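Below you'll find the structure, written out as structure tokens, and then a few comments.
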Amino acid sequence: MAKVQNIKGMRDHLPPAMMLRQYITRTITQVCERYGFEPLQTPVVEYAEALEGKLGDDESLIYRFEDHGGRRLALRYDQTVPLARVVAQYAGQITLPWRRYALGPSYRGERPARGRYREFYQADADIVGSSSPLADAEIVAMLSETLAALGFPDFVTLLNHRQIIGGIARVSGLDEVAAGSVYRAIDKFDKIGADGVREELLRSGVNAEAAEHILALVQIEGSSAEILAELEARLDHDARATAAIANLRAIIHGLEQMGVPASRYKIAPRLARGLSYYTGMVFEAITPHWPEGSLLGGGRYDELVGQFAGRSLPTVGLAFGIDRLHDVMEELNLGPRPTSTAVAYVTCFSPELAAESLALAAELRAAGVNTLINLDGGGLGKQFKEADRKGVRYALVIGPDEVTRGEVVVKDLRDGTQRTVERNGVAAQLS
RNA sequence: GUGCCUGUAGCUCAAUGGUUAGAGCGCCUGACUGUGGAUCAGGAGGCUGUGGGUUCGAAACCCAUCAGGCACCCCA
């Protein structure tokens with residue numbers, strides 16, 4: 001017999017977990033569609049060459065294989081490259097700007113850890129073909145609304161811009177190559193502190209003076225407007241950084257006009273994010289109750305999507321990590337915890353009355369009530385027990401007395417109360 | 001991919017290298033012939049993750065492997 005075991009880093013999602021996961025994906029889907037995003041689904045398998053060369057240096061985490069025809073294939077590691085492929089392939093059928101969301105699994109051969117798996121589900125939402133700061137703002141507004149709808153009590157979206165980080169590096173006298181290690185170092189600020197970052201900067205060849213300059217810039221505190229003003233003053237020789245600051249101001253203006261509370265976002269000069277393809281705004285949503293990492297992240301990447309199409313397609317988007325959201329919500333005890341998909345359990349009094357039970361169940365289902373029926377007989381006690389174990393709220397009894405009177409006994413298994421109701425009005429009683 | 005820690009019943013965990021590996025919870029049956037949870041009585045459930053090795057003797061020690069956790073790396 002084959003091993004009764006999961007592949008490392010790949011999980012089964014049993015019903016209790018799945019019900020919460022579905023709540024999460026339903027909520028995300030609802031908010032996406034409220035903003036007019038359209039659904040897209042693509043295969044998990046792509047040509048390997050389509051996925052290669054987009055992830056930066058470390059591509060060993062891509063799952064690759066050959067099919068029976070000798071084609072070099074790979075499992076997608078996110079939904080962004082498939083998006084780029086689709087935009088190029090169906091150019092004539094897509095009206096830009098295109099808002100699309102995509103929900104499904106992706107694969108990375110990384111070392112698994114809590115909140116991080118080799119098979120993971122993401123809900124991606126992107127706006128393709130607009131460079132307007134309103135597009136950036138819309139993504140942030142949507143993410144805010146989604147996290148609020150999921151029940152996160154306090155979360156903040158940290159906002160930064162690639163060209164502010166670039167400007168910090170340039171003003172400190174570093175070239176683009178050295179800038180990479182600067183990104184990585186300052187991204188760790190909240191984890192390793194100012195001293196840790198300084199150490200890391202020095203180790204990667206940044207001189208002491210530049211390191212201090214970087215640390216000072218990165219530690220600017222205050223309101224979003226104050227931070228931007230301060231950055232502008234200190235980076236004013238750098239044209240790209242100045243443009244980036246103007247861009248963030250426009251995005252924030254958009255957020256205000258869209259009604260996003262100011263407490264939901266914050267300029268964070270320390271935020272870097274590793275993915276090399278970001279070109280503009282970058283962001284991460286965090287909550288103080290989960291200090292281990294971000295709930296989600298995203299940003300603007302104006303060059304990636306156009307690579308397949310051979311033209312520039314400015315795009316801004318984000319990825320909700322379903323597995324991470326699920327782990328955090330579980331940890332923080334957020335969201336509803338349904339114990340069953342059914343709300344009613346119709347007992348079977350006796351083989352002679354099975355027809356009555358089945359008819360009652362059919363009536364309930366026709367009325368839209370999720371209903372479970374007893375299959376294997378047994379005493380009422382056993383059946384009540386099964387209903388209780390399954391987490392169903394109402395157990396219904398239709399025995400000889402009820403049949404003759406046209407009634408049904410409804411017992412609420414939560415509090416043990418029970419009442420007799422007219423059979424044709426039962427469905428309305430079960431809410 | 002590197003380093004460290006862990007793996008015993010469905011779950012949480014016991015068991016100085018020494019009889020037949022235990023407990024709590026859960027599960028099944030019954031006390032209860034039209035009613036779940038409580039109580040009581042009984043029952044099932046294990047190749048101690050897997051494969052080797054050391055030993056008179058291994059759940060324990062060693063090696064490998066698989067899986068999980070933590071840190072690094074990276075990220076969702």
Side-chain angles (χ1 to χ4, degrees), chain A residues 1 3-11 14 24 28 55-62 76-80 103-125 143 180-181 183-185 187-188 191-192 196 200 272-278 282-286 290 292-299 317-328 345 347-350 353 374 378-403 408-420:
Chain A
M1 200 170 110
K3 283 192 208 176
V4 183
Q5 194 176 58
N6 299 51
I7 303 297
K8 185 190 189 88
M10 311 213 180
R11 305 183 300 164
L14 266 32
I24 294 169
I28 293 172
L55 204 58
D57 12 302
D58 194 10
E59 296 208 323
S60 59
L61 48 73
I62 299 178
R76 67 175 180 217
Y77 52 78
D78 67 17
Q79 307 251 34
T80 307
L103 184 57
S106 297
Y107 300 83
R108 291 183 196 177
E110 288 180 295
R111 192 76 167 260
R114 184 162 180 69
R116 182 184 203 186
Y117 307 94
R118 288 186 170 178
E119 178 183 70
F120 57 99
Y121 279 71
Q122 283 188 163
D124 268 46
L143 130 219
S181 52
Y183 295 166
R184 279 191 291 278
D187 197 38
K188 287 189 232 166
K191 200 186 281 185
I192 63 179
E200 191 133 331
R273 292 188 61 74
L275 253 51
S276 49
Y277 55 65
Y278 290 118
V282 292
F283 60 87
E284 258 178 31
I286 58 165
W290 182 264
E292 287 90 343
S294 60
L295 296 174
L296 56 86
L318 83 160
F320 293 94
I322 307 301
D323 303 272
R324 182 164 296 182
L325 285 172
H326 177 264
D327 286 353
V328 178
Y345 181 104
T347 59
C348 179
F349 189 83
S350 65
L353 290 177
N374 168 266
L380 282 182
K382 193 179 169 186
Q383 297 186 44
F384 271 61
K385 193 166 188 166
E386 183 191 338
D388 184 46
R389 292 269 160 70
K390 291 290 181 195
V392 180
R393 178 156 182 196
Y394 298 104
L396 310 198
V397 179
I398 181 157
D401 299 346
E402 287 76 21
V403 170
V408 173
V409 169
V410 176
K411 178 159 181 168
D412 186 335
L413 294 174
R414 238 187 251 177
D415 56 20
T417 60
Q418 147 175 340
R419 62 217 149 103
T420 305

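These numbers come from a predicted model, not from an experiment. Chain letters run A, B, ... following the sequence lines, proteins first and then strands; every chain starts at 1.
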CG of A:L61 versus P of B:rA76: gap in Å, rounded?
-> 12 Å
Here the gap from A:L353 atom CG to A:T347 atom OG1, rounded to the nearest 0.5 Å, amounts to 10.0 Å
Can we say A:D412 and A:R419 salt-bridge, meaning some charged N sits less than 4.0 Å from an Asp/Glu carboxylate O?
-> no
Show your working on side-chain contact (heavy atoms from CB on, under 4.5 Å) between A:F384 and A:V397 and close with a plain yes or no.
-> CA-CA 10 Å; A:F384 271 61; A:V397 179; 3.7 Å; yes
Using a cut-off of 4.0 Å between protein heavy atoms and nucleotide atoms, how would you tag nucleotides 30-44 of chain B 5' to 3' with B, S and -?
-> ----BBBB-------
Measure the distance from OH on A:Y117 to C1' on B:rA76 and round it to the nearest whole Å.
-> 11 Å
B:rC32 and B:rC13, which share atom name P, separated by this distance in whole Å | 39 Å
Least distance between heavy atoms, A:P112 atom then A:G9 atom = CG-CA, 3.7 Å
Looking only at atom types and distance, does a side-chain atom of A:T420 sit under 3.5 Å from a main-chain N or O of A:V409, one as donor and one as acceptor?
-> no
Within the side chain of A:R324, is there an N or O that forms a donor-acceptor pair under 3.5 Å with the backbone of A:S294?
-> yes
Between A:R324 and A:I192, which is nearer to the 5' end of RNA chain B once each is assigned its nearest nucleotide?
-> A:I192
Taking atom P in both B:rG30 and B:rG24, what distance in whole Å separates the two?
-> 23 Å
Write down the distance between CG (A:D327) and C1' (B:rG68), rounded to a whole number of angstrom.
-> 13 Å
Looking for any heavy atom pair under 4.0 Å, which part of the strands does A:K188 touch: base, sugar-phosphate only, or nothing?
-> sugar-phosphate
Could you tell me the separation between the OH atom of A:Y117 and the OH atom of A:Y107, rounded to the nearest 0.5 Å?
-> 15.5 Å
Quick one: label A:A395 by what it contacts on the DNA or RNA (base, sugar-phosphate, nothing), any heavy atom closer than 4.0 Å.
-> nothing
Distance, C1' atom - from B:rG46 to B:rG22, rounded to whole angstrom | 12 Å
Going through the distances and angles, do A:R76 and A:I62 end up as a side-chain contact (heavy atoms from CB on, under 4.5 Å)?
-> CA-CA 8 Å; A:R76 67 175 180 217; A:I62 299 178; over 6 Å; no
Roughly how many Å is it from CD in A:E110 to P in B:rG69, rounded to a whole number?
-> 13 Å
If only atom types and distance count, is the side chain of A:Q383 paired as donor or acceptor with the main-chain N or O of A:C348 below 3.5 Å?
-> yes
Would you write the dot-bracket representation of RNA chain B, where each base gets (, ), [, ], | or . depending on whether it forms a Watson-Crick or G-U pair under 3.5 Å and with which partner?
-> (((((((..((((....[...)))).(((((.......))))).....(((((..]....))))))))))))....
Separation of atom CD1 in A:I286 from atom C1' in B:rC75, rounded to whole Å = 16 Å
With the criterion being N/O to N/O and under 3.5 Å, what pairs connect the protein with nucleotides 3-10 of chain B, and how long is each?
| residue | atom | partner | partner atom | Å |
| --- | --- | --- | --- | --- |
| B:rG3 | O6 | A:R111 | NH2 | 3.2 |

Between B:rA58 and B:rG52 - P atom distance, rounded Å | 14 Å
Is a donor on one side and an acceptor on the other found under 3.5 Å between the side chain of A:D323 and the backbone of A:Y121?
-> yes
Tell me: CD of A:Q79 to P of B:rC75, nearest whole Å?
-> 18 Å
From A:L143 CG over to A:L296 CG, what is the distance, rounded to the nearest 0.5 angstrom?
-> 4.5 Å
If you measure from the C1' atom in B:rG51 to the same atom in B:rA59, how many Å do you get, rounded?
-> 16 Å
A:G9 vs A:G297, nearer the 5' end of RNA chain B by closest nucleotide | A:G9
What interatomic distance, in whole Å, is found between P of B:rA21 and the corresponding atom of B:rG36?
-> 38 Å
Electrostatic pair A:E200-A:K188, nearest N-O below 4.0 angstrom | yes
Provide the distance between the two P atoms, one in B:rG69 and one in B:rU12, to the nearest whole Å.
-> 13 Å
Quick one: CG on A:L325 to CZ on A:F320, what's the gap to the nearest 0.5 Å?
-> 7.5 Å
Could you state the atom-to-atom distance from CG of A:N6 to C1' of B:rG68 in whole Å?
-> 11 Å
Tell me: CZ of A:R76 to P of B:rA76, nearest whole Å?
-> 15 Å
Rounded P spacing from B:rU6 to B:rG49 in Å = 13 Å
